[in-house]
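Here the structure is laid out as structure tokens; the discussion comes afterwards.
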2 protein chains.
Amino acid sequence: MRDSNVRLEHMLSKLKRQHFRITPQRLCVVKILAAGKGHPSAEEIYAQVKKDFPTTSLATVYKTINLLKEMGEILELGFSHDSSRYDGSNPHPHPHLICMRCKRIVDFEAPALTGMARDISRKTGYEIVNHRLDFFGICPECREEKQSG
Amino acid sequence: MRDSNVRLEHMLSKLKRQHFRITPQRLCVVKILAAGKGHPSAEEIYAQVKKDFPTTSLATVYKTINLLKEMGEILELGFSHDSSRYDGSNPHPHPHLICMRCKRIVDFEAPALTGMARDISRKTGYEIVNHRLDFFGICPECREEKQSG
DNA sequence: CTTCATGCAAAACATTTGCAGCTGG
DNA sequence: CCAGCTGCAAATGTTTTGCATGAAG
């Protein structure tokens, strides 16, 4: 709650500073992402926004998501088959643990990665600007269900 | 060359063993993937196959790719915005280094990852079955071009 | 007031699917 | 022969775009 309010204020002031308008729909999308509850898809955000603003369109949701993405305020977790999921709580690259069954995504930290990036840069001459690490598996809850059902 | 012939024979015998037909188009796709030259997209494979079999369709290429994917013989590197790229030389998960400018992809090894997966499994109770690590950056060649052009 | 955002519908794009006809084993 | 493959075209699912209308600042 604490952190998410900080993130919300941060995103809003950044938008204002860059002279983007804070419309009710946009505010709603930003709130959902800043709250950092889970890793919603565009459709999930859309469904949430429609509760308050029933006329909202999915296109508007995508436009706001892209705005925040370009500002570096949210992390897009894109998948080639499923739709993208968004992480608004921590826009810096960090590993994710993805349940292949229920699609839940959880964050975790791996400080070793930045060192690894530096290593690779030195060895290959690449300038590393970003990275992504996903672990795919079955979460404890889904493992339970698997055994019984 | 040596390794790629071994991979080709391996893939072909696996296909035969499972009673899949080795059609000329299919053979051609398998050859390209087994050769392990780069990380082609479906379109690139398609363009290559059409040189020998001009009537080939993209759908057929996708069907063969999916077949090999299901058999665990190739690795799909899916991206949400760009099209997927395929790694036929080493179907076991391994990190990739991706140039954001020229889109070239190079493989590398990171033995630390399997240990990391075990760690996560122990800490979170997840059963880890797969992972993916990509580093995004600019390759030495593209860095050169950047400075001049 | 003016510019930017919205909402709709259509487009874009990669990938998959249904199906009639062909062909490898 | 005939199950399985091919090639076409149409469908799919996600995301983007063009444009007329509407509202934020």
Side-chain angles (χ1 to χ4, degrees), chain A residues 11-33 39-71 74-86 103, chain B residues 11-33 39-71 74-86 103:
Chain A
M11 290 186 192
L12 290 178
S13 63
K14 200 159 173 178
L15 282 167
K16 281 177 198 156
R17 207 181 317 138
Q18 299 187 32
H19 305 104
F20 291 112
R21 290 179 188 163
I22 311 295
T23 63
Q25 297 92 326
R26 195 169 269 179
L27 176 60
C28 197
V29 171
V30 174
K31 269 184 180 167
I32 291 164
L33 284 163
H39 298 74
S41 64
E43 281 285 355
E44 283 163 357
I45 295 169
Y46 175 54
Q48 196 70 19
V49 174
K50 272 215 292 198
K51 286 184 192 169
D52 293 333
F53 304 94
T55 66
T56 308
S57 73
L58 187 52
T60 296
V61 172
Y62 272 111
K63 281 166 192 167
T64 300
I65 286 173
N66 284 334
L67 193 56
L68 294 168
K69 218 168 62 182
E70 278 156 33
M71 298 190 333
I74 60 175
L75 208 61
E76 177 177 36
L77 299 175
F79 301 94
S80 49
H81 303 305
D82 280 296
S83 52
S84 287
R85 307 278 293 268
Y86 301 92
K103 309 288 179 191
Chain B
M11 290 187 192
L12 290 178
S13 64
K14 201 160 172 178
L15 282 167
K16 281 177 198 157
R17 206 182 317 138
Q18 299 187 32
H19 304 104
F20 291 112
R21 291 184 188 159
I22 312 295
T23 63
Q25 298 91 326
R26 194 169 269 178
L27 176 60
C28 197
V29 171
V30 174
K31 269 184 180 167
I32 291 165
L33 284 163
H39 298 74
S41 64
E43 282 285 356
E44 283 163 355
I45 295 169
Y46 175 53
Q48 196 71 20
V49 174
K50 273 214 292 197
K51 286 183 191 168
D52 292 333
F53 303 95
T55 66
T56 308
S57 74
L58 189 51
T60 296
V61 171
Y62 272 111
K63 281 167 193 166
T64 299
I65 287 172
N66 284 336
L67 193 57
L68 294 168
K69 217 168 65 184
E70 277 156 34
M71 298 190 333
I74 61 175
L75 207 62
E76 177 177 35
L77 300 175
F79 301 93
S80 49
H81 302 304
D82 280 296
S83 50
S84 287
R85 307 277 294 267
Y86 301 91
K103 309 288 180 191

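By convention in this document, chain letters (A, B, ...) are assigned in the order of the sequence lines, proteins followed by strands, and residues within each chain are numbered from 1.
Taking only side-chain nitrogens and oxygens, A:Ser57 never comes nearer than 4.0 Å to OP1 or OP2 of C:dC8. When the side-chain nitrogen and oxygen atoms of B:Gln25 are compared with OP1 and OP2 of C:dT23, none of them lie within a distance under 4.0 Å. Within the 4.0 Å cut-off from OP1 or OP2 of D:dG7, at least one side-chain nitrogen or oxygen of B:Thr55 is found. Side-chain N/O atoms of A:Arg26 include one lying less than 4.0 angstrom from OP1 or OP2 on C:dA5. Taking only side-chain nitrogens and oxygens, A:Asn66 comes nearer than 4.0 Å to OP1 or OP2 of D:dT16. Contact between the side-chain N/O atoms of A:Ser83 and the OP1/OP2 oxygens of D:dG13 is not found at any separation under 4.0 Å.
For the residue pair B:Glu76/B:Ser84, the side-chain donor-acceptor check at 3.5 Å is satisfied. With 3.5 Å as the limit, one finds no donor-acceptor pair spanning the side chains of A:Asn66 and A:Lys63.
Here D:dA24 presents its C1' atom at 14 Å from CZ of A:Phe53, a figure rounded to the nearest Å. Rounded to an integer number of Å, the gap from A:Leu77 CG to D:dT15 P is 12 Å. Straight-line distance from the CG atom of A:Leu58 to the P atom of C:dA9: 13 Å, rounded to whole Å. Atoms CG (A:Asp82) and C1' (D:dT15) sit 14 Å apart, rounded to a whole Å. Rounded to whole Å, the distance from OH on B:Tyr46 to P on D:dT6 is 14 Å. As a whole-Å value, the separation of A:Leu67 CG from C:dC4 P is 13 Å. Spacing between atom OH of A:Tyr62 and atom C1' of C:dA9 amounts to 16 Å, rounded to whole angstrom units. Taking atom CD1 of A:Ile65 as the reference point, atom P of D:dT14 lies 13 Å away to the nearest angstrom.
Checking side-chain atoms of A:Arg85 against main-chain N and O of A:Lys103 turns up a donor-acceptor pair under 3.5 Å.
In terms of polar N and O atoms assigned as donor or acceptor, the side chain of B:Arg21 never comes within less than 3.5 Å of the base of C:dG25 in a complementary pairing.
Nucleotides of DNA chain D nearest to A:Ile22 and B:Pro24 differ in position, and the one nearer the 5' end is that of B:Pro24. Toward the 5' end of DNA chain C, the nearer of the two residues B:Lys63 and B:Ser84, judged by each one's closest nucleotide, is B:Ser84.
No contact: B:Ser80 has no heavy atom under 4.0 Å from any strand. In this structure, A:Glu43 reaches neither bases nor backbone, as no heavy-atom distance under 4.0 Å exists between it and the strands shown.
Residue A:Tyr46 is tested with A:Ile65, A:Thr60, A:Leu58 for a side chain to side chain contact (heavy atoms under 4.5 Å, CB included); the sole match is A:Leu58.
Heavy atoms of other residues, nucleotides or ligands lying less than 6.0 angstrom from NZ of B:Lys69 number more than 12.
Comparing atom distances between the B:Ala59 side chain and each of C:dG24, C:dT15, D:dA9 picks out D:dA9 as nearest.
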